[in-house]
Structure formats: structure tokens, C-alpha cells
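Order of the sequence lines fixes the chain letters, A, B, ..., with proteins taken first and strands second; residue numbering starts at 1 for each chain.
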Amino acid sequence: MKELAAKYSAAQVEDKWYQYWLDHKFFHSEPNEKEPYTIVIPPPNVTGILHMGHVLNNTLNDVLIRKARMDGKNACWVPGTDHASIATESKVVAKLKAMGISKEEIGREEFLKHAWEWKEEHGGIILQQLKKLGCSCDWDRTRFTMEPALSEAVINTFVYFYKKGWIYKGVRMVNWDPEALTAVSDDEVIHKDTKSHFYHLKYYISDGNGNPTDKYLVIATTRPETIMADAAICVNPKDERHFWLKGKKVLIPLIKREIPVIEDEYVEMDFGTGCLKVTPAHDVHDYEIGLRHNLPVLEIIDDHGKLNEKAQILVGEDRFVARKKIVKMLEEAGNLLKVEDYTSPVGYSERTDAVIEPKLSAQWFLKMETLAGMALETVESGRTQFIPEKYVNTYRHWMENARDWCISRQLWWGQRIPAYYLPDGSYVVEATPEAALKAAQAINPSIKASDLRQDEDVLDTWFSSWLWPISVFDPEKPGHPEHQPNKDLAYYYPTNDLVTGPDIIFFWVARMIMAGEEFMGKEPFSNVYFTGIVRDKMGRKMSKTLGNSPDPLVLIEKYGADAVRIGMLLCSSAGNDIFYDEAQIQQGAAFCNKIWNSYRLVKGFQVSADVQQSPAAAKAVEWFGARLSETVALVEDHYSKFRISDALMTIYRLFWDDYCSWYLEAIKPAFGSPVDPATHQATLGFFEALLKLIHPVMPFITEELWQDIAPRKEGETIMYAATPKVQAYKQEVLDNFALAMETVNGVRGVRSQRNLPPKEQLNLKIKGAFPAEMIPVVEKLCNCSVEMVSGFEGAQGVGFLVRTLEMFVALDGKVNVAEELEKARKELQYQLEFLENVRKKLSNERFVANAPAAVIENERKKEADSLSKIEILQEKIKSLETS
RNA sequence: GGGCGGUUAGCUCAGCUGGUUCAGAGCACCUGCCUUACAAGCAGGGGGUCACUGGUUCGAAUCCAGUACCGCCCACCA
């Protein structure tokens, strides 16, 4: 880099340095004697593409990893992808559908071929995109949840839990997604208030022979298409209105099937009509009532959400079409009493947005009781901390009410459940077909391999990703608690921090903790940092349909990855939603440019050993050194509390305000003059420290400049440069410089108010104890000559106060006495009130008696300062009045 | 319905165990500057009854109670 352009161009440097880092394997980690710092990536969907949520999450991860690396730890960030069974399978199904192929038609094996093809084609794109963002993942360790070793781990854990008795097969009411044709877990159902109707239907009382009498009861339902599956009408036993129904039978409208009236406390008397139609096959609560009262279960809706033959009428119609049609039929038959508008919560599938159909089916479950208890303890004991803490409450609530986990999915893309059915319907659970055959033969010696039929279902994706922090290092371990952890697992586990969104706190975070406790006897990570959801600046979620989701790669191309990273971090305090605005990225780009140009200035300095260091430069060097240390301590504190945006803002201001606006202006030689070697060296040292400080956030520009500020050898990198350490400094240095800064601000204020051109040198008179060594700094920074005086007699100009020092800018003939007087009187008025307040406090006996000494001491100082200011102001007013 | 969190400047947020001259930051805004690193810049400036009402305290943005509104999670009354 010979000449620096006036503007920083990210495009030209980012790819170059990423390749350099890759070439030198700087991201790669192997166990060694250093302290490990480990993060496992929240694996994105293998066929997904990068969105703003990923940008936020992975930027945070990368900042933590790069920081740890510079702190001298052996940092390892394990990347990888998730097979995402439902999401991926539905994409493949859609692709095949477009080709006119259905999944059932081609069968499991053929379908999986297509799925793998799809994975090969689209898989891992997102990892390439993370490289563009600058993520320093250990790519040699890239994992995929469905790669053979990790799939084996999944199967082994299934067998392990089965043999432990925690996995069982049961017929349960599950959330059926009629579009994806699979059961989904409770957590994958989103309840949305949905407008519908409340249909009031008459059910006539039977005369006992299946014929209607003229008496009837009224039920209210939102799902009239399910009446054919009714098994009973239920009323509350305490409901006097319905005592007459006791023991009666009623006829289902249209089909005239006879069903009993039963009593159950579940029915709310003041809701609807107080009569509930019980449809065990198509409603969770009804199913439970059915169990209590031994009611038959009649399923009339098939897997696709269509009515089947058992419905007798409307056979083959979609449930929503059937609803419309049956209403008409009921009306014609005289069973429809009235229709009300009604809004009720309806469950929708998270993936397909189809209305969930409660459906009875055989599913595999994992018992949660013990696992949830362990996982709750991990967090309650503080072994794993949540940031922000508020999520502990949510977590506790869930853990205390955890239901058994439905782990089977009626899909093909995923790990197939290792249960093998014998011809008689019994089954064995083993990790391999061979072992299954052996086990089956133990039951029945004549069984051949071809007699066994493996369960058709696959496992929930989370049943593989919950092993992630373990399986990425040692896939042998999960499922084999007795197995000695391999070298990697022993070294890297437990990982340190996990950065993820709160939406998967139960899906993933909780379950990783369970798996960690179960298989490792140890929590999988020490801290979980929950990011917010990225929204647009109007607060709407990013979505494809709204078109408000920018493509991160386009942004990176336009502004550079460093700018994008800063833009995301600037507005992201933990746990708060992020309101994304491109302006923030522009701010990031502006900061890159600022850094760039501050280096251009220093690089352009001519250095001459013949030049003596100016007093102003000497003071500035001393000050910035102290200021740097002070700020580094603050930054470290922010990092330790995961206040990443605060850490960034602190560095941002150190760089922009302190370094550029104050320090560089103070040491800058006059135009055309060279700078002395001491100042030059110090400045480069400071600049390097700043680059190192900001490197975790802005990896590219910092590498680019770091490589230029001194001769570097091939293989050297800022990535492994040590984070600047706090050096001892004198508080006095900071205080004195701060006083000089306030003085400069005062003079600049006068200049601005009076519209005095910057080039016009001013004369500043200071009365009071101003540190002499700061005079050159003031003179340099506001183009003035400073004169220490004992009074301002006869001088014309504008006065101002800096703390308790009176200052005066001489301005012959340019002063409006009346204005000055007005200003001074206002100031005096303020000070008098201030003094009054302070004295009120000090004269309050209880305050003096109760407040800590330091607080009282401070009040006394306020009083003294105020008094001297008042004195100065009064004098000033007097002299103005007489002039 | 149950639980949790929030409400501070136009916007996004900080303000840790009540007490520094405490009401802050960044952005946005206004004024003046193309000052030889940077106009993606420099210098200066305005702007808030800390949601509301009470309470505790010598002292409250900060603690407590209630109210209003917002958000999230859980449950789901057919």
C-alpha cells in the first residue's frame, strides 16, 4: 500500500484478507496448553440463505471469538449446518411438485436421492456467505447434522433413551399439519386469533328408537363439519338448566346417529350454551373427556384434512369446504339456530401456516420429567447464565410444565427411527439392522432380515441439534455415557458462550442443556446471550412477503462487511429487538472512512529527528496514553457483561472524539512542517492499539491498516495481536487535559457566537490556578495566545467560566456590554439558586446525619465552588456596569 | 386467563447496589465552515414534568403499590 486513496474502499481489501486468513489457517484450532474458548454456531438450515438475523447473530459470535483469540485464548468457533427436516423436505417436495412428481409416487429412496441432490446443490451456500461477513469459523471442523457420524450419534441416543425407558411409543392427540403431512410439536404451533363463526345447532332428543322428539338442546360450535364424529353431548353436572337432559340421548343432525348426554366438570356453564359436543377424534380436550367417559373415537378427517367415508356425508371434501356446505345443509334441515361472529385462537403450523388438525396418531415420545428437572437446575444454579436474565423466568415456567417431547415426524428427510417391527407387530429398538435382527431372533428365532420392517418416521430435527455442542467434537459420545471423551471433546467442552435468538430457547437451548447434563454431566455452555429479533425500522418483522428484508450480501458489497457488522451492533443491546435501518450501516461505513483518513494523516507526516517534540504534543501523548488505558478498562467491563454495543460505542468515541478530534489535532504539525520522532512513534503506537481494540468488530479494515503501519512478515496478523492492556496512569493527567478541553470549548464557543474566523488568532486571559503545562495545548487547539492574569481591568471582550476559573477572550471594540451583562446576570441567578439548593440540603440535619460522608463532602465542595463562582460573577457584573 | 418484561430527547437506547453539577450517548435536527486526513468531514447549538398517581426516604429516573399503554411467553372456552 503506497498511496492511500482519500476514501476507503472495502471491496478491494476484504476478500484479500479473508483469503490470507484462510491460507494461513488462522481460524483453525487444535487442543493445546492454552485456555480454550469455544463457541458452536447455531447451525443454520443447510439450504438456507443469509438474512439479517444471521448477520446479527454471527457478527456477535465473531466478535466474541476474535476478542477471545486476541486475549490469548485458544479460540474455536465450530461451524456447520442443520438438515432442518421439515423446512428442507418441504422445499424438495415443492421442487418435485413443479416437475410433476409427487413424493409418494417415487418412494422413500428415490425421494432421498433428490433431497441429497438438493442439499449438495444448495447446501453450504450460507457458510460461504458467512465468510463474506468475515466470520472466523474453524472451517476444517464444519459439521452437518445429517452427516454419517452425527446421524449415528442421533440413533445411538435414541437407543440409549429407549433402553433407559424414557422413550415410548404412544397414541396421542398430536398437532397434525395436513400440508406437511406430519405431526409437529406443541412448540411448532402458533396460535393466532382468527375470525370465524359460532354456529348454534339444535340436537333433537331421541325417543329411544332413533327418532327425534320435539325437544332439543343447543350446542355452539366453530367446527360444524365435525359433528359426524360426535361421541356425546356433555354438560356440567352442576348446571341446573340441563338437569332434564340427564340420561337422555340425542341425535346428531343430518346423520341422525344417537349419542348420549354425559356430565363432566370440564364444561363451563357460562360459555356458549353450556352444552358441549364431544368429538374425541378431533379435539384435544374432547379426547380427554372421551377417555374419562369411555367414549368411542371416530375419525372422520383424513391426513390431508379431507372428510372420509366415516363421515357418511360430504365424503372427500376438504374440512373448510365441508364446513361451508354443512352449514347450508343444517340450515335446510332446520338444525341451525343462529350464527354468531366469533374470534378464537386457532393453531397454525409454524412451517406451512396450515391450520393444525388435532389428530390421534401413534408417535414416539421422550419423557421430559427428569431431563427438564436437570436442565432447570443448571440455569437456576447459575452454572449457565442467561443474558438478559429475564429469560430465566420464561425458562423456568417452561421447564416446570414441560410435556413429553414428541420426537417422531412423518417425514423422510432426517434420521429414521431405529425401531424394527416384527411380523406380529411387536418391535425391537437397535442402532443397526443387524443388531435389530439379532434382538428379533432372540424373541423369535425364525425371523429373517426381510421380515423386519423399520419404522417409517424420522426424528425431529431438534433431536439431532440438541447434541450439537457434544457431537461436533465427539459423535461417539452421545448415546454412550461410558465412552471416554476424545481429545477434542475433553478440551473444548463445555463451550463458553452461545449466541442465539430467544425464539428457540425451548427448541434448542433447553434441550442442549438436557443433553449436556445427561451425556456429559455438565452444562454445554456458561453463558447464553439472547439477541433480539431483527425488524425493519417500522418495527415489522423481516419477511419475504413484505419485501423489507435486505440481502446482506448486497449490503456487504455496497458498504463493506465491517460497516454492516457495525451497523448491526450499534443498535443491538441484548434481548431487545433490533430496528434495522440502513442508515446505521452508513454510519459504520463513515466510521471506516474516518479510521482510514486518520491513518492517511499520520502516514503523510514527515518525520525529522531535528525537530523537538512540542510541549503541546508531549502533553497530548501523555494524555492519550492515560485516556486509552482508562477506556480499555471500560471496554473490558462492557465485554464482561456482554454489553457489546456499549463496548463498540466506547471504542467508537475513543477513536473519533479523543483520538481524531483531540489528540491528532493537538499533535498535528503546522502545514509543511515535519513531526518529531517521539510523537510520531507514540502516535503509531496509539493507532495500533486502537486497531487492535476495534478489530473484533471490524476485522478487515483493521487488518489492512495494521499490515501497513509497520513492516510485517508473511503469516503475521492482527488476529493474534494481543488486546491492549490497561497501563497505570495518573488521574491528574486526565483531569488537567479535561480542564484544557473545557477551556478550548469555551474559546470555540466565543468564536462561534461572535462569528470569528478560525484563522484569526485570539487572546485568552485566564485568572486563577490553571496548570501552566496545559497552556500550549489550549493555544494549539483553538488558535489563541494564553495569558495568565490577575485581573481583567480595562480589558474589553467576552468572559466565561470554566469550573471556578474566570476566562476572558479579548475583543477590542466588538463587545456588546448589555449582552454580556445579561448573560452574566442569568448565570449569577442560576448559581444563586443552585447554592440555595445545596445549602438547603446541608442545613437539613437529617441529611447530614444520614448521608454517607463522601456525599456530604461533595455537597460542601459544590457549595464552595458555587460561592467562588458567585463572587466572580458579581465582580464581573460590577465591572460591566461601570464600564 | 396466567406469567414475564418495558414506558427516559424526533428515533434507537444507556443510566449497575437510591446521593458526583444527573438527566446522558449515538443518530436525526438547526447554525456557521470546501481550515492543506476525512463534506462519509469540522466547529457550535437547540431539544426530555424520566408514562401516570400515590407511598417509602434527609434525598427517587432509580425502591414499593396502584393505573394506563406496549411487547413477549405460556395456556386455549367448545
Side-chain angles (χ1 to χ4, degrees), chain A residues 4 6-8 186-187 191 198 219-223 226 234 266-268 270-273 275-279 283-286 344-347 388 390-398 401 502-503 505-506 533 537 539 563 570-573 575-579 581 583-584 586-605 637 641 643 645-646 649-650 652-653 660-661 664-665 668 670-672 745 748-753 755 757-759 782-783 803 834 838 840-841 844-852 854-859 861-862 865-866:
Chain A
L4 291 177
K7 283 190 178 9
Y8 171 63
D186 290 343
D187 316 292
H191 292 275
F198 220 8
I219 58 102
T221 181
T222 53
R223 299 202 63 189
T226 63
C234 190
Y266 169 78
V267 179
E268 299 281 337
D270 50 4
F271 187 82
T273 62
C275 294
L276 170 71
K277 76 188 214 36
V278 183
T279 319
D283 184 276
V284 183
H285 298 285
D286 291 9
S344 63
V346 173
K390 64 178 176 183
Y391 287 109
V392 174
N393 291 322
T394 316
Y395 181 82
R396 182 185 307 113
H397 187 259
W398 193 78
N401 298 287
D503 48 331
I505 185 169
F506 307 129
I533 294 163
K537 61 179 165 183
L570 276 175
C571 54
S572 63
S573 49
N576 289 336
D577 281 357
I578 313 307
F579 294 89
D581 185 347
Q584 285 148 356
Q586 285 164 359
Q587 191 186 343
F591 186 41
C592 289
N593 202 48
K594 185 71 184 176
I595 293 175
W596 184 260
N597 277 294
S598 72
Y599 179 59
R600 272 183 75 207
L601 172 69
V602 177
K603 193 178 165 73
F605 282 164
D637 184 54
K641 291 167 182 148
R643 295 197 295 234
S645 62
D646 288 340
M649 187 45 68
T650 303
Y652 179 94
R653 291 171 62 193
C660 293
S661 298
L664 286 182
E665 293 302 327
K668 202 174 179 175
F671 180 62
N745 284 340
R748 283 174 178 171
V750 171
R751 203 187 276 279
S752 184
Q753 277 161 26
N755 247 326
K759 282 178 181 163
C782 56
N783 190 22
R803 300 182 194 179
F834 182 80
V838 172
K840 220 187 259 173
K841 232 182 203 184
N844 182 332
E845 277 171 35
R846 293 205 277 181
F847 170 73
V848 179
N850 294 319
V855 173
I856 295 170
E857 190 48 44
N858 191 55
E859 290 301 317
K861 182 163 184 309
K862 281 195 217 170
D865 284 357
S866 185

Original post:
Reckon A:Asn745 touches a base, only the sugar-phosphate, or nothing at all at heavy-atom distances under 4.0 Å?
Top reply: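 Sugar-phosphate contact only.
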Original post:
A:Ser598 near the nucleic acid: base, sugar-phosphate alone, or nothing, with a heavy-atom cut-off under 4.0 Å?
Top reply: base
Original post:
Rounding to the closest angstrom, what is the interatomic distance between B:C52 and B:U8 at atom C1'?
Top reply: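 Rounded to whole Å, the distance is 14 Å.
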Subject >> Selected nucleotide, minimal atom distance to A:Met649 side chain, candidates B:A25, B:A78, B:G19 >> reply: B:A25
Original post:
Distance check: side-chain N/O of A:Lys603 vs OP1/OP2 of B:C38, anything under 4.0 Å?
Top reply: no
**OP:** Please state the C1' separation for the pair B:A51 and B:A37 - nearest whole angstrom.
**Re:**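 B:A51 and B:A37 have their C1' atoms separated by 47 Å.
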Subject >> Touch class at under 4.0 angstrom, heavy-atom based, for A:Glu857 against every strand present >> reply: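 No contact.
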Original post:
Once you round it to whole Å, what is the distance between C1' of B:U31 and CG of A:Asn755?
Top reply: 9 Å
Subject >> Pairing partner (Watson-Crick or G-U wobble, both distances under 3.5 angstrom) of B:A43 >> reply: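 Partner of B:A43: B:U31.
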Original post:
Separation of A:Phe834 atom CZ from B:U20 atom C1', in whole Å?
Top reply: 10 Å
**OP:** May I ask you to say what A:Val278 touches in the nucleic acid, namely base, sugar-phosphate or nothing, with a heavy-atom cut-off under 4.0 Å?
**Re:**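 Since no nucleic acid heavy atom lies under 4.0 Å of A:Val278, the category is nothing.
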**OP:** Check every strand shown and say whether A:Arg653 touches a base, only sugar-phosphate, or nothing at a heavy-atom separation below 4.0 Å.
**Re:** sugar-phosphate
Original post:
Which nucleotide in the set B:C13, B:G19, B:C42 lies at the smallest distance from any side-chain heavy atom of A:Phe579?
Top reply: B:C13
Subject >> Selection from B:A78, B:C58, B:C38 that lies nearest to any side-chain heavy atom of A:Asn844 >> reply: B:C58
Original post:
Which one, B:G44, B:C58, B:A37, comes nearest to the side chain of A:Glu665?
Top reply: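 Given the options B:G44, B:C58, B:A37, the side chain of A:Glu665 is closest to B:A37.
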Original post:
Looking for any heavy atom pair under 4.0 Å, which part of the strands does A:Asp577 touch: base, sugar-phosphate only, or nothing?
Top reply: sugar-phosphate
**OP:** In whole angstrom, give the distance that lies between atom CZ of A:Arg748 and atom P of B:C33.
**Re:**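 So the CZ-P distance, A:Arg748 to B:C33, works out to 18 Å.
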**OP:** Measure the distance from NE2 on A:His191 to P on B:G1 and round it to the nearest whole Å.
**Re:**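 From A:His191 NE2 to B:G1 P: 17 Å.
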Original post:
If the P atom of B:C11 is compared with that of B:A68, how far apart are they to the nearest Å?
Top reply: 24 Å
Subject >> B:A37 OP1/OP2 closer than 4.0 Å to side-chain N/O of A:Arg600 >> reply: no
Original post:
Within the side chain of A:Asn858, is there an N or O that forms a donor-acceptor pair under 3.5 Å with the backbone of A:Ala854?
Top reply: no
Original post:
Rounding to the closest angstrom, what is the interatomic distance between B:A25 and B:C76 at atom P?
Top reply: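 Straight-line distance between the two P atoms is 49 Å.
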Original post:
Taking the side chain of A:Thr221 as heavy atoms from C-beta outward, which of B:A78, B:C42, B:C4 is closest to it?
Top reply: B:A78
Original post:
Among B:A78, B:C38, B:C74, which is the nearest nucleotide to the side chain of A:His397?
Top reply: B:C74
Original post:
What does A:Ala583 touch in the nucleic acid at a heavy-atom separation under 4.0 angstrom: a base, only the sugar-phosphate, or nothing?
Top reply: nothing
Original post:
Which one, B:C13, B:A78, B:C38, comes nearest to the side chain of A:Asn597?
Top reply: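 Between B:C13, B:A78, B:C38, the one nearest the side chain of A:Asn597 would be B:C38.
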Original post:
With sequence neighbours left out, what residues match A:Lys390 under side-chain hydrogen bond (donor to acceptor under 3.5 Å, both in side chains)?
Top reply: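 Expected list: none.
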Original post:
Taking the side chain of A:Phe506 as heavy atoms from C-beta outward, which of B:A78, B:C73, B:A40 is closest to it?
Top reply: B:C73
Original post:
In whole Å, what separates the C1' atom of B:G6 from that of B:A14?
Top reply: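 My reading of the C1' atoms in B:G6 and B:A14 gives 15 Å.
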Original post:
Roughly how many Å is it from NZ in A:Lys840 to C1' in B:G59, rounded to a whole number?
Top reply: 13 Å
**OP:** For B:A43, take OP1 and OP2 only and decide whether either is under 4.0 Å from a side-chain N or O of A:Ser661.
**Re:**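 Checking B:A43 against A:Ser661, a side-chain N or O does come within under 4.0 Å of OP1 or OP2.
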Subject >> side-chain N/O A:Asn850 vs B:U57 OP1/OP2, d < 4.0 Å >> reply: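 No, because none of the side-chain N or O atoms of A:Asn850 sits under 4.0 Å from OP1 or OP2 of B:U57.
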**OP:** Name the closest nucleotide to the A:Asp646 side chain, picking from B:A14, B:G19, B:A78.
**Re:** B:A14
Subject >> Pairwise C1' distance, B:A60 and B:G3 [rounded to whole Å] >> reply: 28 Å
Original post:
Whole-Å distance between B:G44 P and A:Asn783 CG?
Top reply: 15 Å
**OP:** Would you indicate which nucleotide in B:G19, B:G26, B:G5 comes nearest to any side-chain atom of A:Tyr652?
**Re:**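 Per side-chain heavy atoms of A:Tyr652, the pick is B:G26.
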Subject >> Partners meeting ring pair (Phe, Tyr, Trp, His ring centres under 6.0 Å) with A:Phe591 (sequence neighbours left out) >> reply: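 Result, ring pair (Phe, Tyr, Trp, His ring centres under 6.0 Å) vs A:Phe591: A:Tyr652, A:Phe655.
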Subject >> N or O in side chain of A:Lys861 less than 4.0 angstrom from B:U20 OP1/OP2 >> reply: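 For A:Lys861, the contact criterion (side-chain N or O under 4.0 Å from OP1 or OP2 of B:U20) is not met.
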**OP:** With heavy atoms under 4.0 Å as the rule, sort A:Pro502 into base, sugar-phosphate or nothing.
**Re:**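 The answer is nothing, as A:Pro502 stays clear of every strand by at least 4.0 Å.
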Original post:
Looking only at atom P, what distance separates B:G46 and B:C38, rounded to whole Å?
Top reply: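 These two P atoms come out 29 Å apart once rounded.
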Original post:
Say you pick atom C1' in B:G18 and the same atom in B:C63; how far apart are they, in whole Å?
Top reply: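 Pairwise C1' distance, B:G18 against B:C63, rounds to 7 Å.
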**OP:** Please work out if A:Gln587 contacts a base, only the sugar-phosphate, or nothing of the nucleic acid, heavy-atom cut-off 4.0 Å.
**Re:** sugar-phosphate
Subject >> Spacing between A:Gln586 atom CD and B:G41 atom P, to the nearest angstrom >> reply: 11 Å
Original post:
Taking CD1 from A:Ile505 and P from B:G5, how many angstroms apart are they, rounded to a whole number?
Top reply: 14 Å
